[in-house]
S.K.: 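Would you mind keeping the following structure in view while I ask a few things?
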4 protein chains.
Amino acid sequence: MDAVTHAAAPADQDRKAPGRPRSARADEAIVDAVLDLLAEGNSVDTLSIEAVAARAGVGKATIYRRWSNKEALLLDAFVSLKGAVPPLRGESVREDLLTLVSRVGQNAGIRATRIMSCLLPELQRSKTMQGCFQAVLEPRRAAMREVLQRGIRTGELRPDLDVELAMTLLSGPLLAHHILQFNPRLEKRDLPARVVDAVLAGIGGPALRAGGA
Amino acid sequence: MDAVTHAAAPADQDRKAPGRPRSARADEAIVDAVLDLLAEGNSVDTLSIEAVAARAGVGKATIYRRWSNKEALLLDAFVSLKGAVPPLRGESVREDLLTLVSRVGQNAGIRATRIMSCLLPELQRSKTMQGCFQAVLEPRRAAMREVLQRGIRTGELRPDLDVELAMTLLSGPLLAHHILQFNPRLEKRDLPARVVDAVLAGIGGPALRAGGA
Amino acid sequence: MDAVTHAAAPADQDRKAPGRPRSARADEAIVDAVLDLLAEGNSVDTLSIEAVAARAGVGKATIYRRWSNKEALLLDAFVSLKGAVPPLRGESVREDLLTLVSRVGQNAGIRATRIMSCLLPELQRSKTMQGCFQAVLEPRRAAMREVLQRGIRTGELRPDLDVELAMTLLSGPLLAHHILQFNPRLEKRDLPARVVDAVLAGIGGPALRAGGA
Amino acid sequence: MDAVTHAAAPADQDRKAPGRPRSARADEAIVDAVLDLLAEGNSVDTLSIEAVAARAGVGKATIYRRWSNKEALLLDAFVSLKGAVPPLRGESVREDLLTLVSRVGQNAGIRATRIMSCLLPELQRSKTMQGCFQAVLEPRRAAMREVLQRGIRTGELRPDLDVELAMTLLSGPLLAHHILQFNPRLEKRDLPARVVDAVLAGIGGPALRAGGA
DNA sequence: CGTTAATCGAGACGGTACGTCCTGTCTTCGG
DNA sequence: CCGAAGACAGGACGTACCGTCTCGATTAACG
């Protein structure tokens, strides 16, 4: 899983690599050090590889042997925070969407948010970074897609629904809120539920609804 | 206006400062150099002050005399891209929302998007950065707030509408799309219009609508 | 003089270089730091540029701005130790030779010897290093050459003397002694005088001398 | 012989060591690799143990199992170049001295010279290095000492000769020439013979010789 | 019209971090 | 137990920027 972003995966085959195997403890210690340093308020360019190495009790070369640059390391640190897709009850579409959407932007608390926002500039430029990012998001997007399609079948959602658009409508506001801190006036209480309900019901009033959309 | 973020405003009073006045050409050249370098694919930490100085044909001290650090400079560059709030026809709420929302994430094309995403990491930590960011957004948020309240009065929008939530619902998906490149499968054609219409109408189907929300 | 080995001489012409001029204090501090560290027992590869920079209270870049590598720096440090050619009385050839030869290998004490021996490996490979080395030695070789030629004229030396060979005969043994520590059994008292006298008189005995050479 | 400098001689006793015996091929390959790399223009600190290991087709540990550091390895490489003391005819002192002295500084050609000059900096500081160096030189110094003493007895040399000084007078100039490249103007043809003859006869002229020395 | 003073370009300064390379040790495997 | 292979902690390399500083040269307004 992580190996995708590793500089050189140690063992793609069953073939045992010669020489001393890489230390699993070092892997952990490095990623932990990154997360600690970020949690302590470092930004992506305040965070130095040398500080990571020192904190992890590891030589710099041990880091560079695994990741080719700082971004790859941060990405893996980000990936390590992504928990599993939460299990869905499968009864109410609204309930399942809420389950999925409640985790947006707060999967592992502030850490994931911070690391994610650190990586955003890279997303604009690096195709590989985008690929990794999508690989992380895809499982939970697939889950949401399935819920939405189920909703169309059960009549809980409009039959002409654009599924991909709906996913963006549901996740986008919460991402903007958490990562971009888009609107400081927005009441934070029950935000996921309020977003889901509003997107389901629409914000249009009687005058508009009469005419349809 | 810019002077807020300047290291030392040259003339707070009417009193004319003695000595040679600062060159306006340098100001321009520096900001232009920043924008050029970002447009050429630099990220926020690939972009070095020395490169900016070289590109602008300016000494480093001339930059530091105006901005105290790289972030302040980037922020001003960002601010310089923000155009005026677009004029609204004031007839249809849907039309005005579309006018406002069409510019989200693409105000001055790719440049604003790139610079904005570069600044996001700082937004997580710096209060002053957040303040500046909000100062830039506030005018167009005020405009949108006004449109939404008008919509409530005219019956085009629900009378119980949470205005701040609605703003996030309208802008968030487009921000997520442009800045986070959230969903690559999403059809890009007419996206602002489709977002506005879907948010207005809601995605809930007959089964759900019967029950209300 | 030093400028020969400098990476980029700051002012070859009368034209004043633009920008802040290089600090003469840094020049001194760096060379002094090198000499101190060598005197404290460092060898050429124990001596790190970083240690030199730290000792001199100077950034590494300030060193690399002046010298392109460690050897060039060591060479300049060596050059800085070479004092002036000692003044000669001009009466007795033996006396003048002794004056010249007494300084061989101990010009500025142990420091010059140590630095010189550090540079020897480079002498084997670098033509520029050889050039600099010769440039340092040449003045005192010229002086010795003159003394030897005067000796031939006055009859103090053999009329058929090979001057260059004689210089090597006089200096070589002392160099070998000081730099190569060639013969630990050799009595060190009055060594320069004993060398000069033995070279003047020859070591051949009556049996050999009869036959000439 | 070499074992003196080895990190751990595998079998000082008659006791046969258990396990796989060390490979003699590895010993050779390592020393050869050192000599090759030096011959290719490496200096003592350009030459890395890793390069030696790669060239020799050997693991680094195999080197460190035999030599404790780079200097010990270089010293052994140097020792391996030292041929036997050449046989002496024993008739003419001049002839025997010439035989001994002709090899000075050119025993195995350029390689010994280069390695020797690489080791000189270490000679200044390491007592063990000095010991090893002397151990290599001693046999040929003993031979020369014997020749000189024979010369005193036969009257070919002065009866009051300082033997140790004479050895330095004979070897020093050639060492200085070969290792220090002391005097580029010196005619190289027949240099050993010219040195021996000049040292035997002395460079003093009639005026000086009259007074004696 | 010369003085004054802050500006300009240029670039050196003390530092920090980069990413690479090497040292000497270690840990795995196969012979 | 030796062998190669190669990972390990550590540390120096030479480069690139940081933000500050010092130059000589402009460029106004003030006196």
S.K.: Figure out the OH/P separation between A:Tyr64 and F:dA7, and round it to whole Å.
M.R.: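 After rounding, the reported distance stands at 17 Å.
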S.K.: According to a strict under-4.0 Å criterion, is C:Arg65 in side-chain N/O contact with OP1 or OP2 of F:dG14?
M.R.: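 C:Arg65 to F:dG14 OP1/OP2: no side-chain N or O under 4.0 Å.
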S.K.: If you assign C:Leu47 and B:Thr46 each to the DNA chain F nucleotide with the nearest heavy atom, which residue ends up on the more 5' nucleotide?
M.R.: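 So the residue in question is C:Leu47.
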S.K.: Using atom CG of C:Asn42 as one end and atom P of F:dA12 as the other, report the distance to the nearest whole Å.
M.R.: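 Answer to the nearest Å: 11 Å.
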S.K.: With a 3.5 Å cut-off and just heavy-atom distances, do the side chain of C:Arg20 and the base of F:dC21 make a donor-acceptor pair?
M.R.: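 Result: at least one qualifying N/O pair found.
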S.K.: Taking the minimum atom-to-atom distance to the side chain of B:Ile49, which one of F:dG19, E:dC22, F:dC13 wins?
M.R.: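 Nucleotide nearest to B:Ile49's side chain: F:dG19.
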S.K.: Test of understanding: with side-chain hydrogen bond (donor to acceptor under 3.5 Å, both in side chains), list the residues that count as partners of A:Thr46, not counting sequence neighbours.
M.R.: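 With neighbours one apart ignored, the set is A:Ser43.
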S.K.: Would you state whether a donor and an acceptor, one from the side chain of B:Arg22 and one from the base of E:dT7, lie under 3.5 Å apart?
M.R.: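 Donor-acceptor pair under 3.5 Å: no.
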S.K.: Identify the two heavy atoms, one from B:Leu74 and one from B:Val34, that lie closest to each other, and give their separation to 0.1 Å.
M.R.: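 Scanning both residues completely, I find the closest heavy atoms to be CD2-CG1, 3.9 Å.
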S.K.: Quick check on E:dT7: is either OP1 or OP2 less than 4.0 Å from any side-chain nitrogen or oxygen of B:Ser23?
M.R.: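 It does not, given that no N or O in the side chain of B:Ser23 lies less than 4.0 Å from OP1 or OP2 of E:dT7.
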S.K.: Regarding D:Lys60, tell me which of base, sugar-phosphate or nothing describes its non-hydrogen contacts under 4.0 Å with the strands shown.
M.R.: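 Base contact.
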S.K.: D:Arg25: which residues meet the side-chain hydrogen bond (donor to acceptor under 3.5 Å, both in side chains) condition with it, sequence neighbours left out?
M.R.: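 D:Arg25 satisfies side-chain hydrogen bond (donor to acceptor under 3.5 Å, both in side chains) with no residue once adjacent residues are dropped.
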S.K.: Round to the nearest Å and state the distance from D:Trp67 atom CH2 to E:dT23 atom C1'.
M.R.: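 From D:Trp67 CH2 to E:dT23 C1': 17 Å.
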S.K.: Rounded to whole Å, how long is the line connecting atom CZ of B:Arg55 with atom P of F:dC17?
M.R.: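 It is 14 Å, rounded to the nearest whole Å.
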S.K.: Please determine, for the side chain of C:Glu50, which listed nucleotide (F:dC13, F:dC23, E:dC13) has the closest atom?
M.R.: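 Looking only at side-chain atoms, C:Glu50 lies closest to F:dC13.
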S.K.: E:dC22, F:dA9, E:dG9: which one has an atom nearest the side-chain heavy atoms of A:Val58?
M.R.: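 The closest nucleotide is F:dA9.
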S.K.: Can you find a side chain N or O atom of D:Arg25 that sits less than 4.0 Å from OP1 or OP2 on F:dC2?
M.R.: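 No, outside the criterion.
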S.K.: Let me spell it out: for each of C:Asn69 and A:Gly57, pick the nucleotide of DNA chain F with the closest heavy atom. Which residue's pick is nearer the 5' end?
M.R.: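 It is A:Gly57, whose closest nucleotide lies nearer the 5' terminus.
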S.K.: Between atom CG in D:Asp45 and atom P in E:dC21, what is the gap in whole Å?
M.R.: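 After rounding, the gap between these two atoms is 17 Å.
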S.K.: Indicate the atoms forming the closest heavy-atom contact of C:Arg66 with C:Ala26, along with that distance.
M.R.: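 Scanning both residues, the minimum pair turns out to be NH2-CB, 3.8 Å.
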S.K.: Report the distance from atom NZ of A:Lys70 to atom C1' of E:dT16, rounded to the nearest whole Å.
M.R.: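 Interatomic distance, NZ of A:Lys70 to C1' of E:dT16: 12 Å.
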S.K.: Is any side-chain N of the basic residue among C:Arg22 and C:Asp27 closer than 4.0 Å to the acidic one's carboxylate O?
M.R.: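 Result for this pair is no, no salt bridge flagged.
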S.K.: Using atom CG of D:Leu73 as one end and atom P of E:dC22 as the other, report the distance to the nearest whole Å.
M.R.: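 Value for this atom pair: 16 Å.
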S.K.: Can you tell me the distance, in whole Å, between the CD1 atom of D:Ile63 and the P atom of F:dC2?
M.R.: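 Computing the D:Ile63:CD1 to F:dC2:P distance gives 16 Å.
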S.K.: Under 4.0 Å: is that the gap between some side-chain N or O of D:Thr62 and OP1 or OP2 of F:dA4?
M.R.: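 Affirmative; the distance criterion is met.
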S.K.: Tell me which of D:Ala51 and A:Pro21 sits closer to the 5' end of DNA chain E, going by the nucleotide each one is nearest to.
M.R.: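 The residue mapped nearer the 5' terminus is D:Ala51.
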S.K.: How would you label the contact of B:Ala61 with the nucleic acid (heavy atoms, under 4.0 Å): base, sugar-phosphate, or nothing?
M.R.: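 Since a base atom lies under 4.0 Å of B:Ala61, the category is base.
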S.K.: Do you know which two heavy atoms are closest between C:Val31 and C:Ala77, and how far apart they sit?
M.R.: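 Looking at all heavy atoms of both residues, the closest pair is CG1-CA, 4.0 Å.
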